[in-house]
Structures are given as structure tokens and as C-alpha cells.
Amino acid sequence: MASYENGVGVTSIYRFANGNLTDSNFNDSLVRLMKISSHEIGHMFGISHCLNANCVMNGTNSLTETDYHFARACSLCQMKLNSSIKYNNRKRLSELKIFFEKLHLNTELYLIQQDLKLLQ
């Protein structure tokens, strides 16, 4: 749930594990949480739904759809976010790379590595 007017939101990792969070489903639940939270936070910064099917701002209607999407914004939505809040994208991607490595989130790690290569 989110209140865009107040700039706040809340979600729970518990629901992404069907009420049974375990060591074996923790990473899958964490990735779901990152995707949904990133989407809602994007709205809080004024980004609307995206037409890019792989963009986190595309939106989902089920956990199956959420699992299919990437945990990242497309380049256009990243530019929209950067126009709302200025940030160093290289630093952001480098810190995400470390986070994904630490948690062994290999799909997200691969995508971040590709993004970093594009910045070189």
C-alpha cells in the first residue's frame, strides 16, 4: 500500500512467501519485495506506469507476473527518476552490484553488470 500524496508506503516480505518465510524461499521473497517496493517508490517520485514490459514500472497483477519482471527500471524511467532526485548512477549501480553479490542474486547481478558496462 502507498500514499502518493503523503510520500509513504508499506509492504511485507511475509506475503511474498505465501505466509511461510523460510531460508529456502527468502531470496525469492526478497526479490519480489524489491520489485514491488521499487515500483511503488517510483510512483512516489512521480513516475507513472511504463510500457516497457521488462521495466519495474510496468506493473504486475500477480506474483507470477512479478517474478517475470526484472528488478530494475528501464533507461527512460531511470532518467525520469534522476530528473526528480539527482543521484550518481554509476555509484548507485556499483552499490547495487555489491548488494546483489552479497546475497547471491545472480539474475539481478548480471543485469547490473550489463548496466555498468554501458556506462564505460
Side-chain angles (χ1 to χ4, degrees):
M1 290 188 341
S3 168
Y4 306 130
E5 298 82 29
N6 297 320
V8 296
V10 64
T11 189
S12 170
I13 195 170
Y14 185 77
R15 79 178 188 96
F16 298 125
N18 295 319
N20 188 27
L21 189 61
T22 64
D23 287 342
S24 63
N25 68 12
F26 179 82
N27 274 4
D28 289 339
S29 299
L30 178 62
V31 171
R32 288 172 171 171
L33 178 67
M34 289 186 310
K35 291 174 182 181
I36 298 298
S37 297
S38 296
H39 178 90
E40 296 304 329
I41 290 168
H43 284 317
M44 287 180 206
F45 284 106
I47 302 172
S48 57
H49 284 148
C50 180
L51 295 178
N52 183 330
N54 292 320
C55 180
V56 75
M57 291 309 299
N58 182 267
T60 63
N61 293 309
S62 68
L63 287 181
T64 303
E65 280 186 70
T66 300
D67 291 341
Y68 176 77
H69 282 221
F70 296 137
R72 63 195 284 271
C74 70
S75 57
L76 180 60
C77 287
Q78 286 185 46
M79 287 190 303
K80 290 176 185 177
L81 180 61
N82 196 277
S83 71
S84 291
I85 55 169
K86 299 296 181 203
Y87 61 90
N88 179 328
N89 198 35
R90 182 180 306 279
K91 180 178 185 252
R92 176 185 154 273
L93 292 172
S94 296
E95 290 173 354
L96 282 171
K97 180 179 179 273
I98 292 167
F99 176 76
F100 293 148
E101 285 173 336
K102 182 178 178 181
L103 292 176
H104 307 287
L105 300 174
N106 296 326
T107 300
E108 290 74 22
L109 176 60
Y110 173 77
L111 293 170
I112 289 296
Q113 289 170 329
Q114 297 307 308
D115 288 346
L116 281 166
K117 284 180 187 177
L118 290 173
L119 291 178
Q120 293 177 352

Closest heavy-atom contact between [X] and [Y]?
X   : Y   : answer
S12 : L33 : C-CD1, 4.3 Å
K35 : D67 : NZ-O, 3.2 Å
C74 : C55 : N-SG, 3.3 Å
F45 : S84 : O-OG, 3.1 Å

Side chains of [X] and [Y]: does their closest heavy-atom pair fall under 4.5 Å?
X   : Y   : answer
C50 : L76 : no
F16 : L30 : no
E40 : T11 : no
N88 : R92 : no
L81 : Y87 : yes

Side chain to side chain contact (heavy atoms under 4.5 Å, CB included) evaluation trace for I36 with T66: CA-CA 8 Å; I36 298 298; T66 300; 3.8 Å; yes

Decide yes or no on side chain to side chain contact (heavy atoms under 4.5 Å, CB included) for F70 and V56, but give the supporting numbers first. CA-CA 6 Å; F70 296 137; V56 75; over 6 Å; no

Is it the case that the side chain of [X] and the backbone of [Y] share a donor-acceptor pair, with hydrogens and angles ignored and the cut-off at 3.5 Å?
X   : Y    : answer
S37 : M34  : no
K97 : L109 : no
N25 : T22  : yes

Working to the nearest 0.5 Å, report the span between CG of N6 and CE of M44. 9.5 Å

Nearest 0.5 angstrom please: S29 OG to N18 CG, how far? 8.0 Å

Side chain to side chain contact (heavy atoms under 4.5 Å, CB included) for H69 and N54? Distances and angles first, verdict last. CA-CA 5 Å; H69 282 221; N54 292 320; over 6 Å; no

[X] with [Y], same ILVMFWY side-chain cluster at under 4.5 Å:
X    : Y   : result
L111 : L96 : no
V31  : L93 : yes
I85  : I41 : yes

Compute the centroid of each ring, for H49 and then for H43, and state whether the two points are separated by less than 6.0 Å. yes

Hey, could you give me each pair passing side chain to side chain donor-acceptor pair (under 3.5 Å) that has a residue in residues 103-115? Not counting sequence neighbours. R72-D115

Step by step, would you call L51 with N58 a side chain to side chain contact (heavy atoms under 4.5 Å, CB included)? CA-CA 6 Å; L51 295 178; N58 182 267; 5.6 Å; no

